[in-house]
Amino acid sequence: MSDTALAARSPLAGLLRPGRQGARGDLPGVVVQERTGLQIVSLAARKGQEVPLMAAVRAAWGIDLPTTPRRVGDARLAFVWSGPSQWLAVATDWPGDLEAALRAHLGGLGSLTDQGDGRVVLRVRGPHARDALAKGMAIDLHPRAFQPGDVAATLAAHIGVQIWQLDEAPTYEMAAFRSTAGSLCDWIVAASAEYGVEIVEPG
Amino acid sequence: MRIACPFCGPRGSEEYTYLGDATVRRPEGDAPSEAWFAYVYLRDNPAGRHRELWYHGAGCRSWLVVERDMRSHDILSVAPARDMALARGRAA
C-alpha cells in the first residue's frame, strides 16, 4: 500500500519566491509575507443567540466579540469581524484543533466551519504598504479612517479580501480565498515594485 | 455611485449586486393568479424615490434596502433588509 496521507501545500508554493524585487534602495518600501501556522474557523451566531454567544466567548477567552468591523484578540487567538453576527477566529500556532476548541466552548450557540485550507493570508507591511494597497483598494486606509484593529471586507484588485491592520508600521494582513492567492500576490508585488519590495520567508 | 452600508460604511457600487424592487410582497400561497402575476412581473418605474434591494456581496454579504431617487441617483436611506422584514412582522 502506498502512503495516501495528504500533505499540506501552500497555494503560493513556487509563486512567491523570497527575495528583493523592484526598486533598489537601502530599505524596502514594502515587505510581503505569506502567513503560515494559522488555523482559521468561521463563526456565525445561530438565530437569536448573539448575546449568549458573546458571553460564552468572553467567558472562555476573555475576548469581546466585535460588533463593528474590528479585530479583537492577540496573535495567539483573534476574532475578526466578517459581517453582522459573523466572525473569523484566527489562531497562530494553536495547540490542537481550533475548531474543536471553539465547538467545546460555544456548542450550539454558533455555527463553526474550518476555513484554514480555503484561505490564504498575506502580511503586507512597510512605510509604503499603504501606497501599494491603495492602488487596488477603494477604501480609505489613511490613519484618520483606518487604524490598528480596524477590519474591512472589501475588494483588492477586484479580489474579495478581508483586511485588518495590526500596527502603525503599518502592518496589514489580508485574507482571501485560496484560489485567488496567485492573482492577489502578483498584484501586491507589482503594485509594490516602485517602492522596492522584499518577499520574506513564510512565517 | 456610493452606497453607505450600515455595517461597513460607504462603498462603491462595484461591491454591490442589484436585485430589484424592494416594495413587492410575496402573496399568500392561495392568492389568485392575478396577485402572483403582479408579484412576478409587474413593476412600477417611478420618477423619484424608489426602494431597491442591494446585496453587499464583496463586503459583509448583507441584503440592504436602499431608498434611491431615480432621477438624481441620490441615496436617501439604507437599512438592513433583515431589520425591515422583522419590522414587518416576519419571523426572524
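All chains are named by letter (A, B, ...) in the order of the sequence lines, taking the proteins before the strands, and each is independently numbered beginning at 1. Quick caveat, the model's predicted, so the values are computed rather than measured.
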Chemist: Is the count of non-hydrogen atoms from other residues, nucleotides or ligands lying under 6.0 Å from Arg25(B) atom CZ greater than 12?
Modeler: yes
Chemist: Heavy atoms only: give me the nearest Cys60(B)-Ala153(A) pair and the separation to one decimal.
Modeler: N-CB, 4.4 Å
Chemist: Please classify the contact between Ala138(A) and chain B as side chain, backbone, both or neither, with a heavy-atom cut-off of under 4.5 Å.
Modeler: side chain
Chemist: For Arg20(A), does the CZ atom sit with more than 12 other heavy atoms under 6.0 Å from it, leaving out its own atoms?
Modeler: yes
Chemist: Can you name the closest pair of heavy atoms from Ala152(A) and Arg11(B) and give their distance?
Modeler: CB-NH2, 3.6 Å
Chemist: Could you look at Leu155(A) and say if it's the side chain, the backbone, both or neither that has a heavy atom under 4.5 Å from chain B?
Modeler: both
Chemist: Verify the neighbour count for atom CZ of Phe7(B): are there more than 12 heavy atoms of other residues, nucleotides or ligands below 6.0 Å?
Modeler: yes
Chemist: Taking only distance into account, with no hydrogens and no angle test, what donor-acceptor pairs under 3.5 Å do side-chain atoms of residues 29-41 of chain B form with protein atoms, sequence neighbours excluded?
Modeler:
residue	atom	partner	partner atom	Å
Trp36(B)	NE1	Glu28(B)	O	3.3

Chemist: Does Arg125(A), at its CZ atom, have more than 12 non-hydrogen atoms belonging to other residues, nucleotides or ligands within less than 6.0 Å?
Modeler: no
Chemist: Sub-4.5 Å heavy-atom contacts with chain B: which residues of residues 72-102 of chain A show up?
Modeler: Trp81(A), Ser82(A), Gly83(A), Pro84(A), Gln86(A)
